[in-house]
Amino acid sequence: MATKSVRVTVTGAAGQIGYALLFRIAAGEMFGPDTAVNLRLLELPAALGALEGVRMELDDCAFPLLESITPTSDTNVAFEGTDWALLVGAVPRKAGMERADLLNVNGGIFTAQGKAIGQNASRGCRVLVVGNPCNTNALICQKASGLPATQIFAMTMLDQNRAVTQLAQKSGTAVRDVKHLAIWGNHSPTMFADYLHATIKGRPVTDVISDGAWLEGAFLSTVQQRGAAVIKARGASSAASAANAVVKTVRELVAVTPAGDCFSVAVPSSGQYGVPAGLVFGYPVRSDGTGYQIVDGLQHATFARSKLEVTINELVGEREAVKHLLG
Ligand code: NAX
């Protein structure tokens with residue numbers, strides 16, 4: 001029996017991640033069995049027909065926790081009073097498009113949506129950016145919205161999940177045995193999946209997996225290139241696993257992180273670990289259910305530090321490419 005309710009906006013709701021995500025939110029997997037859900041679904045006008053089909057299917061599930069569904073192409077309606085804005089919709093990279101073009105075309109979307117969030121959402125609204133390039137889109141959105149930086153996130157959970165499974169499979173253990181695996185930096189091939197602070201059954205990964213060349217080489221590149229490998233195999237980009245990561249990220253942020261554990265999400269830096277302040281950077285984070293803290297006190301030796309510098313430099317370059325959008 002629901003005792004609370006939450007309003008959730010999903011953009012790009014008729015897209016493939018949207019199709020894998022909405023049913024899980026409506027089923028109560030994101031906010032739990034005592035929270036009723038009100039969905040605001042934003043799409044481009046051209047996709048409203050397809051979105052109507054998704055709405056019909058949501059209706060046909062008769063989810064007990066689903067109180068209302070509002071499909072719209074109006075950003076003011078989409079973000080009105082919202083508690084959680086899940087920004088999935090974005091323009092994909094097309095043939096011949098430079099990275100700077102991609103940053104700018106999406107920068108326009110996230111500026112407009114950020115402003116609409118600032119004007120319409122609840123003051124405590126939290127925003128999770130999934131649409132790529134998600135770290136820099138989140139930075140743009142934060143500036144445009146005027147929301148406190150601590151309420152803006154970009155998704156690195158899919159990368160964490162990919163890395164955890166690679167380590168479990170290599171060591172012949174269960175996924176649940178792998179802990180404290182954090183993704184540092186950008187959600188892009190420069191990310192660093194930090195196996196050096198991760199554990200398997202409580203022991204350092206490097207004690208359990210003696211193949212150091214695999215850890216430094218194939219492990220990191222498999223995680224970094226996993227999105228491309230899925231596209232090659234499936235003929236379409238990751239959708240169900242991305243939606244699963246969205247559900248898990250929000251669940252981690254609204255729950256208290258168990259003692260000694262952490263999870264991956266990108267948040268605006270205040271300079272931690274030498275990351276320039278303001279960059280939306282993937283860190284290991286712990287939540288108290290309403291706020292979060294970046295895990296502190298970790299030491300990075302030369303190899304890890306060199307990886308961090310690469311991803312920091314990429315994000316600095318992205319910020320430079322959109323500086324005209326950052327007010
Ligand atoms: P789709 O192309 O299937 O769906 C995107 C939807 O967004 C479309 O229906 C489109 O009409 C809509 N849209 C575009 N501009 C919009 C706007 N201004 N307002 C509202 N809706 C808009 O893509 P999908 O596979 O669902 O992926 C969505 C985004 O997630 C992409 O940018 C993708 O790169 C990104 N991803 C991010 C991941 C992450 O870990 N951060 C992993 C998965 C995914 O690659």
Side-chain angles (χ1 to χ4, degrees), residues 9-22 40-55 70-79 85-94 97 99 102-117 127-141 144 152-163 183 185-191 193 223-232 234-250 263-267 280-282:
T9 304
V10 179
T11 72
Q16 54 155 3
I17 294 176
Y19 192 67
L21 175 63
L22 296 174
R40 296 269 166 143
L41 308 180
L42 183 68
E43 256 300 348
L44 296 175
L48 285 178
L51 186 58
E52 178 59 13
V54 178
R55 189 191 64 76
T70 310
T72 182
S73 59
D74 180 336
T75 49
N76 293 322
V77 173
F79 295 116
L86 308 177
L87 306 187
V88 179
V91 172
R93 194 169 186 163
K94 298 186 182 93
M97 210 185 218
R99 192 162 173 86
L102 182 73
L103 282 161
N104 273 301
V105 72
N106 280 300
I109 293 173
F110 286 84
T111 300
Q113 293 185 356
K115 280 188 184 144
I117 289 169
V127 180
L128 175 63
V129 180
V130 177
N132 280 319
C134 64
N135 298 54
T136 297
N137 288 341
L139 171 65
I140 292 166
C141 182
I152 306 282
F153 307 88
M155 191 168 89
T156 51
M157 182 61 80
L158 178 54
D159 310 303
Q160 172 184 314
N161 285 342
R162 288 166 169 168
I183 302 296
N186 204 1
H187 169 70
S188 84
T190 67
M191 78 184 83
V223 177
Q224 289 164 339
Q225 304 297 336
R226 188 67 159 185
V230 169
I231 292 174
K232 191 163 175 235
R234 205 173 85 85
S237 57
S238 311
S241 55
N244 178 65
V246 178
V247 172
K248 186 168 172 188
T249 303
V250 174
F263 60 95
S264 302
V265 68
V267 298
V280 176
F281 197 82

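Atoms within a ligand are numbered from 1 in the order they appear, just like the ligands themselves. In what follows, every heavy atom counts, from backbone to side chain, and hydrogens, waters and symmetry copies are set aside.
Residues meeting the side chain to side chain donor-acceptor pair (under 3.5 Å) test with S241, sequence neighbours left out: none. Remark: N244 pairs with R24 by the side chain to side chain donor-acceptor pair (under 3.5 Å) rule, at least two apart or across chains. For K115, the side chain to side chain donor-acceptor pair (under 3.5 Å) test picks out no residue, with sequence neighbours left out.
Other residues, nucleotides and ligands contribute over 12 non-hydrogen atoms within 6.0 Å of the CZ atom of R55.
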Where does ligand 1 get N/O contacts under 3.5 Å from the protein, atom by atom?
residue	atom	partner	partner atom	Å
ligand 1	3 (O)	Q16	N	2.9
ligand 1	9 (O)	G15	N	3.4
ligand 1	9 (O)	E43	OE2	2.5
ligand 1	11 (O)	E43	OE1	2.7
ligand 1	19 (N)	Q113	NE2	3.3
ligand 1	21 (N)	G12	N	3.4
ligand 1	25 (O)	Q16	NE2	3.0
ligand 1	26 (O)	Q16	N	3.4
ligand 1	26 (O)	I17	N	2.9
ligand 1	32 (O)	N132	N	3.0
ligand 1	34 (O)	N132	ND2	2.8
ligand 1	36 (N)	N132	ND2	3.4
ligand 1	40 (O)	H187	NE2	3.3
ligand 1	41 (N)	V130	O	3.3
ligand 1	41 (N)	M155	O	3.4

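In this structure the side chain of Q225 reaches within 4.5 angstrom of the side chain of P189, judged on heavy atoms. Between Q113 and F79 there is a side-chain heavy-atom pair separated by less than 4.5 Å.
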